[in-house]
Amino acid sequence: MKIAKEALFNLKYIFISILFVSLSTAQLPDYDLDNWVGSNFKENAHPFFRLISLQTTSNIVSSSSSESDILIGFSSSIGVDYKRKNLYNRAGVLPMINGSIGIGSNLRLVGSLTGFSSQKDVVIFSSLGLTFYFGNTKESKSNWKFLFDRGTLEGADDFFLKTVGAKLIRGINSGESRWWYGIGTMFYTAGVHVRYSENEETYRRRLEGKTQYIVVGINKNIGKNYFGEVECRVHSSVLVMSLSFNRAIY
């Protein structure tokens with residue numbers, strides 16, 4: 001019976017891994033901005049960078065506690081703009097490797113990393129941040145958390161992107177599951193340098209913006225030291241959903 005359970009769990013792990021790989025490779029992001037150059041460039045670019053900013057923000061929140069020294073996992077996120085549905089084709093499905101390590105009784109270091117090919121460019125995104133737990137988590141589980149992270153996206157031929165974000169989260173325990181909700185703010189700076197394919201001229205702009213959103217998510221154990229998370233980030237015109245699979249290393 002024990003062997004059968006272990007085999008079943010291994011099959012479950014393999015199935016989830018295949019699912020994530022399928023999602024991650026289904027539609028990689030398209031970061032080519034050539035056809036936006038013109039008088040309406042900002043009207044198209046700002047929603048695009050807002051969507052990417054929400055798509056890349058760190059999502060390891062509910063699972064990060066002092067009970068686990070190290071957390072490691074991977075995720076896929078997808079985003080849509082209610083007013084500009086064509087942006088889905090640009091944002092694509094973003095795969096990410098996530099990690100978290102405790103550096104104090106109520107403080108954790110979190111980070112994310114991804115790399116992929118987009119329009120013959122090799123794009124790299126990395127982020128680093130801190131999660132602060134209100135109260136001493138060694139004595140009791142804190143329901144309130146504050147997450148701060150900073151990210152950089154480089155390698156796209158048409159732009160580079162830098163983000164700074166913060167979330168305030170409240171968790172709710174429900175059996176083996178844990179829900180959370182909260183609010184977040186994301187600031188972004190983009191340096192645009194689009195080259196015309198016709199005359200090889202360069203269109204240069206610098207864009208800055210801020211996005212406020214609501215976050216809702218759930219975490220559930222799916223085996224010993226393994227758990228899955230779903231998190232939704234909702235803006236007035238943008239919805240981003242992130243699905244992650246993580247392992248706790250004690």
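From a predicted model like this one, the values you see are computed outputs, not experimental measurements.
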Under the side chain to side chain contact (heavy atoms under 4.5 Å, CB included) rule, what do Ile72 and Ile249 come out as? Steps first, then yes or no, please. CA-CA 8 Å; Ile72 189 168; Ile249 303 174; 4.2 Å; yes
Side-chain contact, heavy-atom cut-off 4.5 Å: [X] with [Y]?
X      : Y      : answer
Ile169 : Val215 : yes
Lys145 : Arg108 : no
Gln212 : Ile183 : no
Val234 : Tyr213 : no
Asn106 : Phe134 : no
Phe148 : Val164 : yes
Thr163 : Thr57  : no
Thr211 : Ser53  : no

Is it true that His46 and Tyr188 share a donor-acceptor pair across their side chains at a distance under 3.5 Å?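 Short answer, yes.
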Say whether Ser237 and Arg50, considering side chains only, have a donor N or O and an acceptor N or O under 3.5 Å apart.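 Side-chain D/A pair, Ser237 to Arg50: present.
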For Ile172, I'd like to know if atom CD1 has over 12 heavy atoms of other residues, nucleotides or ligands within 6.0 Å.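 More than 12 within 6.0 Å, yes.
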Ile214 atom CD1, over 12 foreign heavy atoms within 6.0 Å: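 No - once you tally the heavy atoms of other residues, nucleotides and ligands closer than 6.0 Å, there are 12 at most.
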Looking at [X] and [Y], what are the two nearest heavy atoms and their distance?
X      : Y      : result
Leu207 : Phe41  : CD1-CE2, 4.1 Å
Leu51  : Val80  : CD1-N, 3.9 Å
Phe146 : Ala166 : CZ-CB, 3.9 Å

State the [atom1]-[atom2] distance between [X] and [Y], to the nearest 0.5 angstrom.
X      : Y      : atom1 : atom2 : value
Ile52  : Ser77  : CD1   : OG    : 10.5 Å
Tyr181 : Leu168 : OH    : CG    : 10.0 Å
Leu128 : Leu130 : CG    : CG    : 7.0 Å
Ile78  : Leu239 : CD1   : CG    : 9.5 Å

Identified side-chain contact (heavy atoms from CB on, under 4.5 Å) counterpart of Ser75 within the set Val230, Leu243, Asn98: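 For Ser75, the side-chain contact (heavy atoms from CB on, under 4.5 Å) test succeeds with only one of Val230, Leu243, Asn98, which is Asn98.
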Going through the checks in order, is the side chain to side chain contact (heavy atoms under 4.5 Å, CB included) test met by Arg233 and Ser242? CA-CA 8 Å; Arg233 302 158 204 144; Ser242 178; 3.6 Å; yes
In sequence, state the C-alpha distance, the side-chain angles, and the governing distance for Met186 and His235, and then conclude on side chain to side chain contact (heavy atoms under 4.5 Å, CB included). CA-CA 11 Å; Met186 178 65 69; His235 177 264; over 6 Å; no
Between Arg178 and Asn221, does the side chain to side chain contact (heavy atoms under 4.5 Å, CB included) criterion hold? Intermediate values first, please. CA-CA 9 Å; Arg178 183 171 178 81; Asn221 292 334; over 6 Å; no
For residues Ile97 and Phe245: do they belong to one hydrophobic cluster (side chain heavy atoms under 4.5 Å, members Ile, Leu, Val, Met, Phe, Trp, Tyr)?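 Result: no, two separate clusters.
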Can you hop from Val122 to Tyr31 via hydrophobic side chains spaced under 4.5 Å?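 No; tracing contacts between hydrophobic side chains, which count when under 4.5 Å, never links both residues.
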Could you pull out every donor-acceptor pair under 3.5 Å between side chains of residues 150-161 and any protein atom, sequence neighbours left out?
unit_1: Asp158; atom_1: OD2; unit_2: Leu33; atom_2: N; d: 2.6

Evaluate the side-chain hydrogen bond (donor to acceptor under 3.5 Å, both in side chains) criterion for residues Asp149 and Ser127: first the C-alpha distance (whole Å), next the side-chain angles of each, then the deciding distance (0.1 Å), finally the verdict. CA-CA 7 Å; Asp149 67 340; Ser127 69; 4.6 Å; no
